[in-house]
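Notes for the one structure printed next.
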Amino acid sequence: MEIHRSSPAQAPGTRSPGRRTYLMCRPAYYAVEYAINPWMDTTAPVDTTLACAQWEELADIYTGLGHEVLRIEPEPGLPDMVYAANGAFVVDGVAYGASFRYPERRPEADAHEKWYRSAGWTVAKPEFINEGEGDFTYLPGRELILAGWGFRTDARAHAEAADVFGRQVASLRLVDPRYYHLDTALAPLDDERIAYYPEAFAPGSRLLLERLFPDAVIADAEDAAAFGLNFVSDGRNVVINAEATGMVGKLREAGYETIPVDLSELKKGGGSVKCCTAELRR
Ligand SMILES: NC(=[NH2+])NCCC[C@H](N)C(=O)O
């Protein structure tokens with residue numbers, strides 16, 4: 001594993017102590033069989049064996065950092081199931097279930113619900129369409145949920161999540177179809193701080209982000225297109241798509257350690273590091 005150490009070694013923000021628990025789904029049946037986002041091209045070949053190897057490397061990076069990686073069994077006929085972040089949104093041991101926008105992915109919600117129940121998590125069944133951590137994230141230091149809408153998640157699910165978790169939700173409207181999920185345009189760096197790509201958001205949402213996060217790391221068009229916002233940070237180490245070299249530089253500059261990983265095959269489905277990783281917050 002290649003770690004780019006930043007100097008100073010101290011990450012600037014606050015972070016919850018201890019190891020993270022991540023849920024992942026091996027891309028055994030991964031393919032691009034339909035196109036539900038602009039990255040998906042059903043005529044371009046996908047190497048499932050390579051996708052599995054890249055995915056294993058991502059899982060190894062997490063365990064190498066001392067985090068726990070749990071696995072949900074992939075199911076034939078669900079080629080997007082590798083994007084485990086979409087299966088639920090978990091805070092305080094409660095899994096708010098997903099309800100997918102497109103019929104092709106709908107059965108994934110049941111598979112995740114079963115997994116969460118059998119693993120002992122409390123499950124809240126959703127009434128409204130929402131794609132789990134694809135469109136929801138949480139900043140424990142602010143007790144604040146950030147939620148995206150515009151392409152996949154129904155904005156009514158934001159209010160539903162606020163009730164489920166008893167937390168405030170900042171609703172953010174996404175406007176660029178390439179950044180159809182919140183986690184393609186914004187990511188937490190630690191308990192309080194984020195990185196984001198302003199152009200992916202409607203003017204009112206940008207204003208809200210500027211006011212809430214004056215210390216954010218700002219990404220540009222190139223960073224976003226390289227899936228440089230679809231990273232996973234434990235507050236110190238940021239695991240990020242290797243292509244996103246500009247973003248790596250910005251994050252190191254901001255005091256974080258960066259660990260690049262090549263997920264070129266998974267990008268063909270419109271996802272990267274974060275899409276493949278659900279964070280289970282106890
Ligand atoms: N958390 C994410 N952004 N996941 C990416 C999902 C990709 C999948 N092909 C879709 O369009 O639904």
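Numbers for residues simply follow the sequence, beginning at 1. Order of appearance sets the numbers: ligands from 1, and atoms from 1 within every ligand. Side chains are part of it too, since the values below use all heavy atoms of this structure and drop only hydrogens, waters and symmetry mates.
- For the pair Arg101 (side chain) and Arg152 (backbone), a donor-acceptor distance under 3.5 Å is present.
- At least one N or O atom of Asp183 sits closer than 3.5 Å to an N or O atom of ligand 1.
- Checking Glu108, Arg105, Lys268 against atom 6 (C) of ligand 1, the nearest heavy atom belongs to Arg105.
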Verdict with reasoning, Glu108 to Tyr83, per side chain to side chain donor-acceptor pair (under 3.5 Å)
CA-CA 10 Å; Glu108 292 180 44; Tyr83 304 112; over 6 Å; no

Going by atom type alone, with no hydrogens or angles, which donor-acceptor pairs under 3.5 Å involve a side-chain atom of residues 164-174 and a protein atom two or more places apart or on another chain?
unit_1, atom_1, unit_2, atom_2, d
Arg167, NE, Tyr138, OH, 2.7
Arg167, NH1, Phe165, O, 3.2
Arg167, NH2, Asp92, OD2, 2.8
Arg167, NH2, Tyr138, OH, 3.4
Ser171, OG, His158, ND1, 2.6

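- If you number the atoms of ligand 1 from 1 as listed, the ones under 4.0 Å from a heavy atom of Gly270 come out as 5 (C).
- Of all the heavy atoms of Tyr102, none lies under 4.0 Å from any atom of ligand 1, so neither backbone nor side chain is involved.
- Here is the list of ligand 1 atoms found below 4.0 Å of a heavy atom in Ile36: 10 (C), 11 (O), 12 (O).
- Close contacts between ligand 1 and Gly269 involve ligand atoms 7 (C), 8 (C), 9 (N) [criterion: under 4.0 Å to a heavy atom].
- Residue contacts with ligand 1 for Arg152 involve side-chain atoms from C-beta outward but no N, CA, C or O (heavy atoms, distance under 4.0 Å).
- Here atom 7 (C) of ligand 1 lies nearest to Tyr180 when heavy atoms of Tyr180, Trp39, Tyr30 are compared.
- In terms of N/O distances under 3.5 Å, ligand 1 is not approached by Gly134.
- Here the SG-CD distance, from Cys275 to Glu131, works out to 10.5 Å after rounding to the nearest 0.5 Å.
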- Query: Going through the distances and angles, do His67 and Tyr22 end up as a ring-ring contact (aromatic ring centres under 6.0 Å, His included)?
  - Reply: CA-CA 8 Å; His67 302 309; Tyr22 298 127; 5.6 Å; yes

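- For ligand 1, the polar-atom distance check finds an N/O of Asn86 within less than 3.5 Å of one of the ligand's N/O atoms.
- If you check which protein heavy atom lies closest to atom 2 (C) of ligand 1, you get Cys275 SG, 2.7 Å.
- Residue-to-ligand polar distances place His181 within reach of ligand 1: an N/O pair is separated by less than 3.5 Å.
- Panel note: side chain Thr153, backbone Asn130; no donor-acceptor pair is recorded below 3.5 Å.
- Residue Lys274 does not touch ligand 1, judged by heavy-atom distances below 4.0 Å.
- Among Asn37, Ile36, Asn86, the single residue meeting the side chain to side chain contact (heavy atoms under 4.5 Å, CB included) criterion with Asp80 is Ile36.
- With side-chain heavy atoms closer than 4.5 Å counting as contact, directly or through intermediates, the hydrophobic cluster containing Ile72 also holds Leu23, Leu70, Leu78, Met81, Val90, Trp115, Tyr116, Trp121, Val123, Leu280.
- Not a single N or O atom of Thr184, backbone or side chain, sits closer than 3.5 Å to an N or O atom of ligand 1.
- The distance from ligand 1 to the heavy atoms of Met40 drops below 4.0 Å at these ligand atoms: 9 (N).
- Environment of CD in Glu222: sparse, with no more than 12 heavy atoms of neighbouring residues, nucleotides or ligands closer than 6.0 Å.
- Between Ser264 and Gln54, the side chains place a donor N or O and an acceptor N or O closer than 3.5 Å (distance only, hydrogens not considered).
- Shown in contact with Asp80 at under 4.0 Å from a heavy atom are these atoms of ligand 1, numbered in order with element: 8 (C), 9 (N), 10 (C).
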